[in-house]
Amino acid sequence: MGLEADVAVLGAGMVGVSAALHLQQRGRSVVLVDRNETAGSETSYGNAGLIERSSIFPYMFPRDLGTILRYALNRSPDVRYHASTLPAFAPFLFRYFLASSPANTARIAAAMLPLIEGSLIEHEALMAAAGATHLLRKVGWIKAFRTARSRDTGFAETDRLRAHGLEIEALDPAALAVREPHLEEGLSGALHFRDTGAVSDPGGLARAYSELFMQRGGRFVQGDARTLEEDQHGWRVRTAGGAASVREVVVSLGPWSDLVFRRLGYR
């Protein structure tokens, strides 16, 4: 006996359960498919739990030679690579460099702004409906700097964020010590991004969303996303409850998405 729905959402992490809920709110019948019995059991289980209202500007390829050299020599925790893989990802790095021009950065930020601005509002509405508002703390997050140079650079870069109405507080070492007394001494200062929401249990929030999805009539089943195949009516994927037949599919498998896309001819 199989399942029929308008949409199958593959992957029950934070992206998958949120997409399933929003599709459901728009009147679509949805089946949520994951290889685990519970939602939020993998990447969404142990992430930082930040609803990052202040991430308007994405991480772009650095333009200063010192940073590039540090990355190239594997001397930074931000980037780590094996020299043997360089030929495979060098073309991507070149495209990344071109896309990171100041003009492109401004254009990307303008496109991201309406999405980022609504992130905390969207989550608060879902949390209220799921009875999970106790997991949210509106305390923001703090970025500390070890050197005066990195502090001055960080402070200068916040001006473009403040232009978008964000509340960012600059902290000198004394103010940082009061705010976070258990940090080591010798830090040069910090920035407190106050608009960001902090979730104490990211996996628990994903599970709360999945329970809300099922309370509203959605179906959550175990299945193997790699079995996705096209048929005459749309798509089919094998699940523990039988084959699910749907017209459309949302692939929200994070780093495992290529297991589905590669078989369908996408790179």
Side-chain angles (χ1 to χ4, degrees), residues 7 9-28 30 32 34 39-60 78 99-100 104-143 154 157-170 190-213 215-216 218 220 250-257:
V7 185
V9 176
L10 306 181
M14 184 55 71
V15 172
V17 293
S18 299
L21 278 167
H22 279 279
L23 286 165
Q24 195 178 54
Q25 289 173 358
R26 286 160 174 76
R28 312 293 290 278
V30 184
L32 181 61
D34 196 275
S41 298
E42 299 194 28
T43 304
S44 295
Y45 174 78
N47 61 35
L50 296 179
I51 304 175
E52 211 0 339
R53 168 65 180 81
S54 57
S55 289
I56 296 171
F57 292 90
Y59 288 102
M60 308 305 284
D78 300 335
S100 298
N104 278 337
T105 300
R107 184 163 53 249
I108 292 169
M112 289 181 63
L113 180 60
L115 298 175
I116 295 297
E117 283 183 325
S119 61
L120 186 55
I121 296 171
E122 294 275 359
H123 270 293
E124 286 185 295
L126 289 178
M127 287 178 189
T133 55
H134 63 283
L135 297 176
L136 176 65
R137 297 176 298 151
K138 292 187 176 180
V139 296
W141 71 285
I142 293 176
K143 180 177 183 179
E157 289 177 348
T158 60
D159 290 339
R160 60 178 183 175
L161 288 173
R162 290 194 180 99
H164 294 288
L166 292 170
E167 184 181 354
I168 306 169
E169 183 180 358
L191 291 168
H192 189 177
F193 296 84
R194 303 185 67 91
D195 300 271
T196 298
V199 176
S200 60
D201 183 359
L205 183 60
R207 290 192 298 274
Y209 285 175
S210 70
E211 291 167 5
L212 175 63
F213 168 73
Q215 290 169 10
R216 291 177 171 178
F220 179 23
V250 175
V251 179
S252 55
L253 298 170
W256 296 279
S257 295

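Everything numeric in this text was worked out from a predicted model, so none of it was measured.
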Heavy atoms only: give me the nearest [X]-[Y] pair and the separation to one decimal.
X	Y	answer
Pro255	Thr43	CD-OG1, 4.3 Å
Tyr45	Gly40	CB-O, 3.2 Å
Gly197	Leu136	CA-CD1, 4.0 Å
Arg137	Ser200	NE-CB, 4.5 Å
Ala39	Ala206	CB-O, 3.9 Å

[atom1] of [X] to [atom2] of [Y]: how many Å apart, nearest 0.5 Å?
X	Y	atom1	atom2	answer
Glu117	His164	CD	NE2	8.5 Å
Ile168	Asp159	CD1	CG	9.0 Å
Arg162	Glu157	CZ	CD	12.0 Å
Leu126	Tyr209	CG	OH	4.5 Å
Leu161	Arg53	CG	CZ	9.5 Å
Ser41	Asp34	OG	CG	6.5 Å

Name the one of [options] that satisfies side-chain contact (heavy atoms from CB on, under 4.5 Å) with [X]?
X	options	result
Ile56	Leu115, Ile108, Leu166	Leu166
Met127	Leu135, Ile51, Leu212	Ile51
Val250	Leu10, Val9, Leu32	Val9

Counting neighbours of CZ on Phe57 that are heavy atoms of other residues, nucleotides or ligands and sit closer than 6.0 Å, is the number greater than 12?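 Atom CZ in Phe57 is crowded, with more than 12 foreign heavy atoms closer than 6.0 Å.
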### Task
May I ask you to check whether over 12 heavy atoms, not counting those of Leu113, lie within 6.0 Å of atom CG?
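Atom CG in Leu113 is crowded, with more than 12 foreign heavy atoms closer than 6.0 Å.
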Tell me whether [X] contacts the main-chain N or O of [Y] through its side chain, where contact means a donor paired with an acceptor under 3.5 Å.
X	Y	answer
Gln24	Phe213	yes
His192	Val139	yes
Ser252	Val15	no

Inset, instruction - Test side-chain contact (heavy atoms from CB on, under 4.5 Å) on Thr105 and Arg160 and set out the steps. - result: CA-CA 12 Å; Thr105 300; Arg160 60 178 183 175; 4.2 Å; yes
Note to self: Run Lys138 and Glu124 through side-chain contact (heavy atoms from CB on, under 4.5 Å) and show every step you take.
What the structure shows: CA-CA 11 Å; Lys138 292 187 176 180; Glu124 286 185 295; 2.6 Å; yes
Worksheet entry | Trace of the side chain to side chain donor-acceptor pair (under 3.5 Å) decision for Glu52 with Ser54 | CA-CA 5 Å; Glu52 211 0 339; Ser54 57; 2.7 Å; yes
